[in-house]
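To start, the structure under review is shown below, and the notes come after it.
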Amino acid sequence: MNDGPDGPREMQVKLDAPLRHLARSACVALLAVQVAGAWAWDEAIDGDLSNSGLAPTSLVFANGANFVAGTIGRPMTGAEVDRDYFTFTVPVGSLFTAINVLAPTAALGGGSFIALQSGPQVTVPFDTPSAAGLLGWTLYSADDIGGNLLPLMAVASFGSSGFEVPLGAGSYAVWIQETATGTASYNFDFTLTAVPEPATALLWAGGLLALAALRRRSA
Ligand SMILES: [Ca+2]
């Protein structure tokens with residue numbers, strides 16, 4: 001075998017470089033897909049979400065970003081208010097960490113309303129005089145694009161129980177409604193995150209202990 005210049009070993013190295021680059025690109029692409037998440041519901045494609053809190057549309061969420069987009073409001077010519085209700089389950093081993101507001105979310109007037117209730121239904125009626133029975137709620141507008149609504153909703157207000165972020169495994173129901181006349185669009189990313197596995201947590205703890213030991217030794 002010729003191991004000189006351009007011999008098999010050098011050829012191997014030359015071939016390996018593009019392969020390694022390809023593998024790296026594939027990994028980056030895979031990561032990008034995981035970060036990008038998936039569409040859970042787009043009213044423009046999947047149809048109007050349920051108008052009933054007692055029979056909400058059932059959505060399937062997975063770890064990562066779960067996009068939900070739609071419109072709410074009261075059409076100028078129609079009498080019925082378009083409220084959107086849906087339910088989803090946070091599986092065991094996952095945490096509900098954020099409701100990120102994305103473009104083109106736009107509220108009319110004083111803002112749109114979003115509420116969260118524990119369980120598979122919103123049993124609190126839309127004309128409720130208080131937020132009793134809800135985990136939380138908040139008003140949002142285009143000003144919230146780029147922000148996370150979950151910590152705002154977590155603060156007990158007007159009778160809502162309030163909650164700790166992140167929320168754990170279980171079923172939840174969401175109620176979205178525009179407060180003014182007209183049609184408003186929303187686009188949210190409901191983020192689920194895997195609970196850190198004990199092995200990973202132990203590795204972290206081990207790493208931290210090692211760092212602490214190094215620091216003590218160098219002190
Ligand atoms: Ca709708």
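Side chains included, hydrogens not; waters and symmetry mates left out as well; all remaining heavy atoms used. Each ligand, and each atom within it, is numbered from 1 in the order the structure gives.
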Q) So among Ile114, Val122, Ile99, Thr87, which one has a side chain to side chain contact (heavy atoms under 4.5 Å, CB included) with Val174? A) Ile114
Q: Compare every heavy atom of Tyr172 with every heavy atom of Leu116, then report the nearest pair and how far apart it is.
A: CD1-CB, 4.0 Å
Q. When Phe86 is tested against each of Phe190, Trp175, Phe188 for ring pair (Phe, Tyr, Trp, His ring centres under 6.0 Å), which residue passes?
A. Phe190
**Q.** Non-hydrogen atoms of Ala173 and Pro120 that approach each other most closely
**A.** CB-C, 4.0 Å
Q: Check all N, O or S atoms of Asp84 and name the one closest to the Ca ion (ligand 1).
A: OD1
Q) In Asp48, the N, O or S atom nearest to the Ca ion (ligand 1) is which? A) OD1
Q: To the nearest 10 degrees, calculate the angle at the Ca ion (ligand 1) involving OE1 of Glu43 and O of Thr71.
A: 80°
